[in-house]
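Right, one structure below, let's go through it.
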Amino acid sequence: MPRILVCYKWVLDEQDIKIVSLGLSLDVSRAKYKISDYDKNAIEEAVRIVEKNGGSVEAISFGTSLKQSFKDVLSRGVDKVYAIDSSIAENADAYVTANVLAAAIRKIGPYDLILCADGSSDVYNQQIGSRLSALLGLPGITSVSQINCEGDRISATRKLGDCTEVVHIKGQAVISVLPEINSVRIPTMKQVLAAAKKPSEEIKIDALGLSDAELLPKVTKVSVKGFVMNRKNIVFKDANQKDNVSKLVASLAKEGLLKERG
Amino acid sequence: MSFQLNEIQELIQQNTRDFAKEYIEPIAGQTDKENSFPQKVVEQLAGNDYFGLFLPEEFGGSEAGYLSFVLAVEEMAKVSAGVAAILINQSALAGYALNKWGTPDQKKSYLSSLITGEKLGAFALAEPGAAPGAGPNKLTAVKDGGDYILNGRKSYVANGGQADFYLVFGVTDEEDPSRRMSSFIIETQTPGFSVTRTIGKMGQRACPWAELSFENVRVTAGQLLGNEGEGSIIAQEAKAVANVAEGALVIGVAQAGMEEAANYAKQRIQFGQPIANFPAIRNMLAEMSTNIHLARLAVYDAANMIEQGKNIFTEAAMIKLFVSRIGQNSLIDAVQVHGGYGFSEDMVVSRYYRDVKGSLLIDGSADLPESFIAADLLD
């Protein structure tokens, strides 16, 4: 019966983020946090595996304000949640995040299977699964659209552009799943209420034995700005439609959207 | 005092929003057009534990509190007021009354099956010739040995025709006005009971209305809900509690209407710019948003009072009076923002308008709450 760990990210809900028209900065003052959308698929897949094969599902996150996430995570079928809540997470890149998660997993593990989403719904770097497998010395499988477990044998289907690849592993593994792997079930009201009674544990980042270098990001975020599509609203209204078409074509060519045939 | 929702309430709100989007939204327009009963959604409501949300764990409920229930109603009403109405009639009327006045056997039999969704309940109070939800209560329940024999009709019964049992109010004592009515649990297979017709209506169409007939319907004293003569008390209190949930329904529809109007205003170009730039449109939306926010606070406050076991008759009347008007006025403006398109059935606001209109009319006219509130203040 597998012991599974799911990594999740607690991100700002993009629906609540507003773009300030002056300077295109992001106003997150009224934004709520949520479980990164794709991580819900990873949690769902872990729960489905356990429903079929027995075992247990735990979850872990590195971030800030993580306590708010516990009930949501636990209501989705997770048995226990671990949190490394630290301000270091605010500027952490994938290098730091993977170092922290790997150190914590070494502390609370071992796990038969570690599941991640292919990417997070805020930055979608697609690095955590691969980095974790390298740091933990475990096989890493990415872009997985189907998982079958039989005993300690795992069969995973990878989606690769226009083909699929089926891989088999015996023993532990880190798997990154695609959103299409499943349809996330909505927790029932009783699951929500039961979440309050499930265990959670906070892990201090200082207790992980990481060096300053391991907590120093390799990538520095310079700025985050909103993207606004400004339409030009050009109207061609000559009486002669032929002239309008010619002007439209000339205008599109000027913008670099049309090219003459070579 | 704070209306900050706790984590569980926020999760219930968010999960219900997801539930409504996934299961209710795809059928909301169709059930309205076809006047069809959303059986599958009702099963999903039961499966996700909505029917017992505030009802006791002992009978399969979740005991999450009435505010949680109200939050769920509001989220469902944003998508389908009819589905929200089914939930209110099942839980806030039939469920509340059974839980408060039912005997242990009645709770085991009816409340448990209502919570699991095995049985659908309904509240049969109004009769032909009166406003939906109100008197005049001519149906008689005459004692015959240890039994009662019911004769008469009920009308405008929500969940009617689909329900497996009805809480029926009949006259057991013509002499004493304060103890005139009693309440009975009537199962649909009881001889002499029949659904005579379904009643088409303007909005909230997913929740069916029916007219019921009772011809020498014999029930045992075990089917009496509460004590003989307690019918008026049961009806008044259950209706007040349901009124608060009905307020949440109105808020949900009004919020959805406002969001539709705001989105439309941002997209609709007139005179070379979105109509959202025009002061007349902005003022309408600002007023809608303000009114909905304030009305929501009143509903949450009353729900909170119900959780604390306080008397909410006056607050329920205020919600009936104020929130219903706010809902209707908001939808008038939401349709107005859409201009001529708002009159078209292509625009969902026309359905929202029809859905919310009933809240002023169902359970008595809007004059009743005013007289109740005034009496509380002056008499």
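Just so it is clear, the values below take in all heavy atoms, side chains as well, and ignore hydrogens, waters and symmetry mates. Within every chain, numbering begins at 1; the chains are lettered A, B, ... in the order of the sequence lines, protein sequences first and strands thereafter. Everything numeric in this text was worked out from a predicted model, so none of it was measured.
Residues A:S120 and A:S36 have side chains that never bring a donor and an acceptor to within less than 3.5 angstrom of each other.
Of the two parts of B:E10, only the side chain, counted from C-beta on, holds a non-hydrogen atom closer than 4.5 Å to a non-hydrogen atom of chain A. Contact of B:I8 with chain A is made through backbone and side chain together, with heavy-atom distances under 4.5 Å. For chain B, no part of A:R185 is nearby; none of its heavy atoms comes within less than 4.5 Å.
Ring pair B:Y50/B:F69: centre-to-centre distance not below 6.0 Å.
At a threshold of 4.0 Å, the pair A:K67-B:E7 does not count as salt-bridged, since none of the basic side-chain nitrogens sits closer than that to a carboxylate oxygen.
Using bins of under 30°, 30° to 60° and over 60° for the plane-to-plane angle, the ring pair A:W10/A:Y33 lands in the parallel bin.
Tested against B:Y264 for a side chain to side chain contact (heavy atoms under 4.5 Å, CB included), the candidates B:E260, B:Q267, B:R268 yield a single pass: B:R268.
When A:K71, A:K32, A:Q68, A:M189 are compared by the number of non-hydrogen pairs under 4.5 Å with chain B, A:M189 comes out ahead. Interface summary for chain B: among A:I186, A:L193, A:D72, A:V235, the most heavy-atom pairs under 4.5 angstrom belong to A:I186.
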